[in-house]
Amino acid sequence: MSRVYNFSAGPAVLPEEVLKEAADEMLDYKGCGMSVMEMSHRSKVYDEIIKDAEADLRKLLNIPDNYKVLFIQGGASLVFASVPMNLMKNKKAGYILTGQWAKKAFAEAKIYGEAVELASSADKTFSYIPDCSDLPITDDMDYVYICENNTIYGTKFWKLPDTKGKILVSDMSSCFLSEPVDVTKYGMIYAGVQKNVGPAGVQIVIIREDLIRDDVLPCTPTMMKFKTHADNDSLYNTPPCYGIYICGKVFKWLLKNGGLSAMKELNEKKAKILYDFLDESKLFKGTVRKEDRSLMNVPFVTGNEELDAKFVKEATAAGFVNLKGHRSVGGMRASIYNAMPVEGVEKLVEFMKKFEAENA
Ligand SMILES: *Cc1c(COP(=O)(O)O)cnc(C)c1O
């Protein structure tokens, strides 16, 4: 067996320990003679798996009792629609456009109500986070929406926008559980887990109870009402059972390794190794304004497309895979989520130094 260093933006690297445990339990989960994939989601065994997962997530993020945790399916892209359907009481909301995912959520919201652009960093290819200290937020807006960590462009909101009293909705897909978060600052947080937590197919929604309503937009499918899932403890229908089970294991792995403060420290350490090198390199350059840099997704370029392609090819051959940048920005991107070991980043930098020397 030979594992590569996987820098994919998502689906992405998972802790090896978790994968091994899952492999051990594949044929016979704790003596019940079947895999978690094969058991009823109404069984006592599964009930314990999903309840444990929620309890551990609550512990990790210190989620207050007046917030519900929902495990749902459909991709983060489906939540782009669930948000306006469930939260647009006045049919108006403000969006901050910091990249492709925010733009997609914005376009989706426009189908259901009036979505207003509050700020944007499109003028410089989303390489920074716009000033959000005095946004044109009006009284009739139901919420302010952000994509907190921009997976494609490698920017992160290090300071939350001033929402002027409106609730904040955050797409945390690519920074979820990478650091401690004060949940009380948000009306709703959501994340597709395939970036930092588990297998694709699970969305986690953390939402303040008073925002879960029956009087959602009339077109809202039952399956897209947060109330449906909240009333049924995420077991209204068959949930993504196996995915939730793996997420639960990752939560336990995080707790065992010191929780989110320890994770943040580790993530800062890894990112620093890479950014320090990018700052001193004569060949490679980071593409993001320094104060807005993400700890999770690190885009960089050589400034020469052919050299970029050569780098990606040689890196792949050396066991550093999925370093090609998103098709919309080109260059390279190293995603260094929780499960990427420090050693993986150190070795990548060593490889980059060697490449630089050879291609000077
Ligand atoms: C990947 C990603 C999405 C889209 O996720 P899907 O589950 O593929 O729909 C949305 N937002 C962010 C921030 C992402 O990184």
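Each ligand, and each atom within it, is numbered from 1 in the order the structure gives.
Remark: Glu209 pairs with no residue by the salt bridge (charged side-chain N to carboxylate O under 4.0 Å, His left out) rule, at least two apart or across chains. For Lys290, the side-chain contact (heavy atoms from CB on, under 4.5 Å) criterion is met by Asp279, Arg293, not counting sequence neighbours.
The aromatic rings of Tyr95 and Phe106 lie tilted to each other, with the angle between the two planes from 30° to 60°. Note on ring orientation: taking the six-membered ring where Trp is involved, the planes of Phe320 and Phe351 are tilted (angle from 30° to 60°). Classification of the Phe311-Phe284 ring pair by plane angle, with boundaries at 30° and 60°, yields perpendicular. Relative ring orientation between Tyr29 and Tyr245 is described as perpendicular, the plane-to-plane angle rising above 60° on a 0-90° scale split at 30° and 60°.
No part of Ala9 comes within 4.0 Å of ligand 1, judged by heavy-atom distances. Under 4.0 Å from ligand 1, the heavy atoms of Phe80 that appear belong solely to its side chain.
Using a 4.0 Å cut-off between a side-chain N of Lys or Arg and a carboxylate O of Asp or Glu, Asp56 and Lys59 qualify as a salt bridge. By the 4.0 Å N-to-carboxylate-O rule, Lys310 lies too far from Glu358 to be salt-bridged with it.
Residue contact check for ligand 1: Gly10 places no non-hydrogen atom closer than 4.0 Å to it.
Protein heavy atom in closest approach to atom 8 (O) of ligand 1: Gln194 NE2, 3.5 Å. The protein atom (non-hydrogen) at minimum distance from atom 11 (N) of ligand 1 is Asp171 OD2, 2.6 Å. At the shortest separation from atom 9 (O) of ligand 1 among protein heavy atoms lies Ser77 OG, 2.6 Å.
Listed by number with element, the atoms of ligand 1 under 4.0 angstrom from any heavy atom of Thr151 are 12 (C), 13 (C), 14 (C), 15 (O). The Gly75 neighbourhood of ligand 1 comprises atoms 7 (O), 9 (O), with distances under 4.0 Å to a heavy atom of that residue. Every atom of ligand 1 with a heavy atom of Cys147 under 4.0 Å away is listed here by number and element: 13 (C).
Among Met296, Gln203, Gln100, Lys195, the residue whose heavy atom lies closest to atom 1 (C) of ligand 1 is Lys195.
The distance criterion of under 3.5 Å between nitrogen or oxygen atoms is met by Ala76 with respect to ligand 1.
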